Amino acid sequence: MDTAPYLVHRFGTSLVVLAGVSVVTYGLLFLTPGDPAEVILSQQLDRQPSEAEIEAFRAEHGMDEPVPLQYADWLTDVLRGDLGTSYYSDASVTGLILDALPLTLELAAASVVVALALAIPTGVLSAVHRGTAIDRASQLGALVGVSMPNFWLGYLLILVFALTLGVLPVAGAGSYSQLVLPAITLGTGMAAVLTRLVRSSMLDVLDEGYLDTARSKGLRKRIVVYKHALRNALVPVVTILGVQLGALLNGAVVIEIVFQRPGLGMLLVDAVFERNYPVVQGITLFTAVAFVVTNLLVDLSYRYLDPRVELGGDPA
Amino acid sequence: MSVALESIASAVGRRYRALRTSRTLATFCANPLNVAGLSIVTAITIAAVIGPLVAPYDPTTQDLANRLQGPSLAHPFGTDQLGRDMLSRLLYGARLSLGIAVAVTGIRLVLGTAIGLLAGYAGGWIDEALMRLVDIQLAFPGLVLALVIAGILGPSLRNVMLALAVVGWASYARLVRGTVLATKERDFVRAARLMNVSRFRIATRHLLPNVAGPVVVLATLNMGTVILGTAGLSFIGLGAQPPTPEWGTMLADGRHHLRTAWWIANVPGVAIMCTVLGFTLLGDGLRDVLDPNHETTLEKPT
Amino acid sequence: MTTTPPTLEYGPDDAATPDDEATNLLAVENLQVQFGTHDGPVRAVDGVSFSLEPGETVGIVGESGCGKSVTARSIVGLQEPGEVVGGTVHIDGVNVHEASDRARRQLRGDTVSMVFQDPDQTLNPAFDVGEQIAESLKVHDQPERQRLLDYLHAPLFANRSDWRDHRERAVELMDQVGIDEPADRVDDYPHEFSGGMRQRAGLAIALASDPDLLIADEPTTALDTTTQAQLLDRLRRLTDERNMATLLITHDLGVVADICDRVVVLYAGQVMETGPTDRVLAAPHHPYTRALLECRTSRAARKRRVPTIEGTVPERLGEQPGCPFAPRCPAAVDACREGEPPTFERDDGTVRCREGVVFGEPDADGGLGLEYGCGETQCDEGDSSTTSATASTRSASQPLRTDAGTDSLVSLEGVSKRYQQAGGLLRRLLGTDRSLQAVDDVTLEIAAGETLGLVGESGSGKSTLANLVTGLETPTSGAVRFDGDLVGAAGTRTAATLHDVGVVFQNPRSSLNPRLPVAQVIAEPLHANGWNEQRRRDRVSELLESVGLSERHAERYPHELSGGQLQRVAIARAIALDPRLVVLDEPVSALDVSVQARILNLLLELQRDLELTYLLISHDLDVVEHVSDRVVVLSNGEVVEAGPTERVLAEPSHPETAALVEAVPRLEHSSQ
Amino acid sequence: AETSQDADANGSFTIVPTSDPTGTGDSWENWGGMTPYWTRVIEPLVWGTGGMQPQPWLATDWTATDDTTWVFDLREGVTFHNGDEMTADDVVHSFEEDILTERGDFVHGWLHLEPGSVDRIDDYTVSFETTEPFPGFPGTIAHNMIDIQPPEADRRDGDIIGTGPFTLAEMEQGQQLRVERFEDYWGGAPEPTGLTFRAAEDATTRTDLLVAGEVDLIYEPATSRIDGLRERGDVRVETEQSSGSVFVSINIHREPTHDADLRRALNYAISQDEIVTTVLEDIGQPARGPLSSVIDWAADEELPAYERDRDRARDLVSQSSYDGEELTCLVENDMDDGRTLVQILQEEFEKIGVTLDVEVLESASLRDRTDRGEFHLELGTSQSNSPAADYIMWENFHTMGISNKDLYEAEGTGLHNLGGEVDELIETGFQSHDPDEKREAYVAAQREIMDAGVVVPLFYREYVVAADAELEGIDLHPIDKFAQWGELTRTT
Ligand SMILES: Nc1ncnc2c1ncn2[C@@H]1O[C@H](COP(=O)(O)OP(=O)(O)OP(=O)(O)O)[C@@H](O)[C@H]1O
Ligand SMILES: Nc1ncnc2c1ncn2[C@@H]1O[C@H](COP(=O)(O)OP(=O)(O)OP(=O)(O)O)[C@@H](O)[C@H]1O
Ligand SMILES: [Mg+2]
Ligand SMILES: [Mg+2]
């Protein structure tokens, strides 16, 4: 199938989704019990605002307009890259996000590396030795990784590596050594998911006829496994990597708190606790958009990874 | 009436026979991990049911004189910072944690299945609209959205459940729709259409049962994710209010004592880990049996 | 492992002398392969012995599940997850299963190559075809220097010029196996190839190592007859040119007759008979070989009951004394069931049957006048025995149905079906809309009581036409009438009109809901029409009986039934509401020959008893020839020829028909 | 602890305070990417003594020339970090432009100053006109926030110019900031060459950082770890009584806590001693009243002692109008030991037949709830960050105090305000220049408050600083944020 119409179609639906995402994000404000204007103002003033003040505030922020119009205004600003201003400081939300982002990205990237480095060899080993003790052990190991609440794992790792062995720093951000423990904490959870996936997709692939073809050519087992099998087995893994970005962000929230890394997650938690709605909306929107865009890219990279994929098939 | 009873009896008999004679059980039992999963889940379920009856102490009664006691005969899992018996708290907590997981999973399942079934079966613009809705839900990282929702609504278990339910249904919808679409084109559904079978009956009798396997597998795996999600939100501070013996909250509280009284954090930690592990193993096992073609797409983590 | 090799009076044990090994390119001796299952080890290959000399083409035949593939795979050491528990395989004097990994790779890279059954499965979808052939060449050139990074084309580690060189040679090979414009296709991925081209690419991979021995496991089953013929032809030429020995595995005796010098007949993991093709096909010594030959529809008279081999290939679990074929063998005596059958060594092959003792040399014409039906006592699939057994004693010579009526039941008037190729509104807006004319201006009539056969190449629109008749699809233009009334979409039609048409799909397993027990599957249409519980139950028993299933089957789930039984259930459901027309879309193509014969018998019987009209789709001309009164040939959605079966198939007037007929491999061609 | 990462010979130290030194988020704490607390970069006119009395700092002297006018003499020879000398213009600028405008209008009520009320008299004299008589003015402006900066400073650019012993060198938002020794400091250059303030708001993380040797000094290690730290040879643990106290404040205008008998019953249910010796690991002193005893007019001895007496408490409960309903108790989620304390309350109240429903809330929703008065009890800390602690009384217990006035409509409304006589006593104390008179009035007010059981006092806070045992010259202050780092050195 032609790529161009597919791209247009895919972009089209992504836009629809993004529009929906923006509506949901904006709507979060209305979840708050009570009148948003009043809540915001009482946070800002640190006291109960008067009716007049609330009225003035509404007028100032266009909150006396009908909701769709308010939304439109907000969206217009968002499209210009302006996510609003924090209620508590006059910092722009976009600026706050951009400041916090590098730490989170750094963590996410390092976690993916940890996850892949753990998952691919373990998954392959497990699949190749299907049903043996090696397989069971690595499956169990992977599952233990995914079954532990990650903050607990984080504290245990700190206990062992920072406090007992003293080889890695406890917390903080900035240096590579400070990245190791958080990346391992977040990476193991993800590695567990990926190991299982690599294993099951390797198992599927190992049953495929074309591996017999490869073996019957006289290829070495290593080449059969790592060239012919793994290449095919990685297709679903890459798809999941896109989805795992969500998991990474989920994990980052908790792990940034554990390791005192002022990234997006920490920013979000603080903002939620302070009811700093522009920041909450900004981060929510930003992560969702990042997620949609990443998955779009992942979809497109299918074509390279799996030539069979006819773009446009539902990769559900 | 008697006919109905008879048919129920025969259906039960059939199921039983199917279970006994088919390879299902054998397949399931062939992998010790599956059996381990089933055992863990059974144990936790029993604990949840009879826990309050067998718990040696009241889970909230404090005994400040005996705070931070290590494991002993009187307190097999020690006592916490307020001198409460960890074992009793753990047992009471089992019901709570399991209850949350069941409730959240239940809501997700019902909502997601209904939407997926409708989308897959109706097709056309209904499908298109519902699937975009699914995409929108999936676009938000689950815990992030749950955190925002629970945070705005205020900390309480009810809000946590609500938030987790809101962010998790889409995986079911997607899975169900996918299975329905695949099943819909299978010859037996086409045959049913040609036999004048009503749409409703096709949906409930031919599509749903075939969807059930993957959905049950997803739900089982989901139980674990929900428990972890609850723990994560509890850690952030949006979980149960004290003195509720909810595992995630216990673990989050206990982290301050990790060095001085390891049992306070590690006992609920291990309990959560085992439960999640149990459900995941069971889910995997069920997948071997119910969904041999691995139709279950990997669930989106929350 | 506890299996003791059967005692052979003569046999390959004696033949396994060192000097024999020297002359034999391939020597398989008493090979035993087992698979571990829940119920214990399955003896998939149970003492197989045969050998191959350079330049020779040998066929292995047998029903599905006889162990053909396992044997073939064991020869190249790919028996996993099975386990070789006894016997040896020597290729070029090297013991395959005892050789080191390295030696085995050497063997695969140099001496022996394999082409696998399913072309969709043979090629790695992630690499282009050229790469896969070139890889094979590369292994052959340097079997010992296989570095992972080199093979992954990792920059700095891979030898570029080497690869370019290999790719050029890959193009040559593609040319040799008959892929047109190979230079353009070398960069294509497997999914961009048609089935036939893929199979040829697989052949090119196999030939790349310039093997002395080629093993081809059902290389043509997945192909339509025309493509199959081309490939076989190509294979024959290449073997001749290269003086290659070929081991060809197939269930199709026609293919064997076409190109094999010798044939090995396998049953339940044991060699039943070996010998020169001509002799074995013309004068089979073993009852199983004879049975296989008998149940081919092409041998039976039109519309007559086809002889069948009742029962199924047994799963060989644990120790079972006696000849594995004994339960299905009409000539079996008690001794067959109790003791190991002896193997007789003849000048031109072997026979493993006690019959040798009883009858001595069978007649040269191979016809023993035996009835290969199911005897009351021997039947394995016991429940179906009642009807088929009575049918078979009753039948054989008299036609199963009365002549077809003449009033038309179904008529198609200028019917066309155009498919919009995938894409939605957006694509239409972009003008990239493409459509496909699946059925193109078809006009035809089906008379009440007749059987209309629909044939054509794959993709010619047969299924679409059937769907138009049943109303699963609505025509883009033209009208489909049933009994004079316009047929609408299935959803819009009244119950009464839906009753009149029953459908049996190609794949019995997919056409039955796996979650419902048989009784409920069959009762589904009755339920839909508001029959009450009691009436439903009575009708289900009646139907089960008429398709030759017992009440015992009623409570089973589809996965607990065999393919043949499933198709019976599907047929029962199709006739549940007394339809007038039954549409049969490839009703037997997923089934084994012997089962196929039984189903065809059932269909003919039902047609006679219930006065049914059939629309039968099949790509198997033998089947069509056997059961239909008239044939319609479709090509690219158009009717290119129609007429009485005998006439059309005997004197095809359209080249398309001629090609179809020509391509069918037949025993008769070569044995004459 | 093992040797710290950046412990160089010259003496540079890493300190972890309880709040983020870069002040992410909240505007109150965030002053151009730095909080004014802890870091000793910027300074106020007045400082506080260890006895919570105003102490000359950038101002050397002050007098009230009439009821509402204060004249301050500035210290001469004070150099800003940019090399300029501090004069009255800088003081006027700081008050008028920064403090009274940018810090928000609530500052007016707090300082009793309106914009335009600060005047330069000469280069080293400034006058302030308060809106009403305010004897506590000097103590009130002895606060880190009420700092003096020159007009050139532009905090929006992170360009912070102060007069303190340290200059701002480097900031990483949310992580840490570095300050360096200011050689021209008016009080003489400090010992340390530099200080790093790291963010770690979680007590356990702070403790781990110290134990792992990554930092030299931490505030408030996790309570559960203090014993362990004390046993270590490489860590010194210092405690200091703080200006804060922890108590439960009761909504006296909501049923059923409007009933004084019930409130007294709650007081009789609690054993402050037990709380301090168990969950607090002996950090803090059992409290009788709402004000830390370091505050000179805090009444402790003079207050009625509600020893735990469950029988009496139960009697009072049955006398009261309480009939079994759940009382709501709010507590902020990041209050140290908050969850533990509130559960003890719950248990103790349960024993006298009063059911408590606990809600641990984040700051925003907590404020939301208290603003609406939708609660019965609130567990919290009240602490003064300046030597003048008057506002604790005013804010909490005066009808026009911040907590009460929004909900005050008529007699018998508000939150914790008994009104009438108590209001008058607080006003007297507030406006009195005479320490004895002031003390008398405040003590009387506190007695009334305790008699009516408006609060359940728990304990006067002590705070803990744990540091590398080699550290010398730790100079703590009842106001934890007033610690001086100038004499910090490392032995050996
Ligand atoms: N992976 C396996 N696990 C268990 N049993 C197997 C496996 N593969 C094959 N078998 C058993 O081996 C027997 C022979 O199988 P094989 O594939 O050789 O049959 P075949 O003659 O090639 O049939 P077909 O014509 O259907 O390809 C079968 O009865 C099957 O039960
Ligand atoms: N639903 C559909 N949408 C689009 N194209 C279709 C659809 N169904 C069939 N076609 C196309 O119509 C043509 C005829 O298909 P049809 O299934 O009728 O062929 P057939 O003769 O039954 O082939 P086979 O022997 O392989 O079953 C094919 O090219 C097919 O790709
Ligand atoms: Mg085979
Ligand atoms: Mg078809």
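Both backbone and side-chain heavy atoms feed into the values below; hydrogens, waters and symmetry mates do not. Convention: sequence-line order gives letters A, B, ...; per-chain numbering from 1. Because the structure is a prediction, the values reported are computed rather than measured.
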Could you have a look at [options] and say which one has the most heavy-atom pairs with chain B under 4.5 angstrom?
options: A:Leu163, A:Leu140, A:Val253; value: A:Leu163
options: A:Val292, A:Thr287, A:Leu153; value: A:Thr287
options: A:Val23, A:Val17, A:Val272, A:Val16; value: A:Val17

key: Set of side-chain contact (heavy atoms from CB on, under 4.5 Å) partners for B:Asp80, sequence neighbours left out   = B:Leu82, B:Arg84, B:Met86, B:Arg89, B:Ile264
request  = Could you pull out all residues at least two apart from A:Asn276 that satisfy side-chain contact (heavy atoms from CB on, under 4.5 Å)?
outcome  = A:Ser86, A:Tyr87, A:Tyr88, A:Ala271, A:Glu274, A:Pro278, A:Val279
A:Val280 portion near chain B, given a 4.5 angstrom heavy-atom threshold = side chain
Validation row: [X], [Y] side chains within 4.5 angstrom (heavy atoms):
X: B:Arg255; Y: A:Val258; answer: no
X: A:Asn150; Y: B:Leu228; answer: no
X: A:Leu159; Y: B:Trp262; answer: no

Closest non-hydrogen atom pair, [X] against [Y]:
X: A:Asn250; Y: B:Val144; answer: OD1-N, 3.2 Å
X: B:Leu277; Y: A:Val144; answer: CD1-N, 3.8 Å
X: A:Phe291; Y: B:Leu138; answer: CE2-O, 3.1 Å

key: Interface residues of residues 150-160 of chain B facing chain A - non-hydrogen atoms under 4.5 Å apart   = B:Gly151, B:Ile152, B:Leu153
Neighbours of chain A found in residues 265-273 of chain B - heavy atoms under 4.5 Å = B:Ala265, B:Asn266, B:Gly269, B:Val270, B:Ile272, B:Met273
Report the distance from atom [atom1] of [X] to atom [atom2] of [Y], rounding to the nearest 0.5 Å.
X: A:Tyr155; Y: B:Arg259; atom1: OH; atom2: CZ; answer: 14.5 Å
X: A:Thr284; Y: B:Leu147; atom1: OG1; atom2: CG; answer: 8.5 Å
X: A:Leu143; Y: B:Asp284; atom1: CG; atom2: CG; answer: 6.0 Å

key: side chain to side chain contact (heavy atoms under 4.5 Å, CB included) evaluation trace for B:Leu258 with A:Leu156   = CA-CA 8 Å; B:Leu258 206 50; A:Leu156 290 180; 4.2 Å; yes
query = Does atom CZ of A:Phe161 have more than 12 heavy-atom neighbours from other groups under 6.0 Å away?
reply = no
task = Mind ranking B:Ile149, B:Val148, B:Thr280 by heavy-atom pairs under 4.5 Å with chain A and telling me who comes out on top?
result = B:Val148
ask   = So which of B:Gly232, B:Gly248, B:Gly224, B:Pro32 has the biggest tally of heavy-atom pairs under 4.5 Å with chain A?
value = B:Pro32
task = Please test A:Phe273 against B:Leu238 for side chain to side chain contact (heavy atoms under 4.5 Å, CB included), starting from the C-alpha separation and ending with a verdict.
result = CA-CA 10 Å; A:Phe273 283 167; B:Leu238 295 172; 3.9 Å; yes
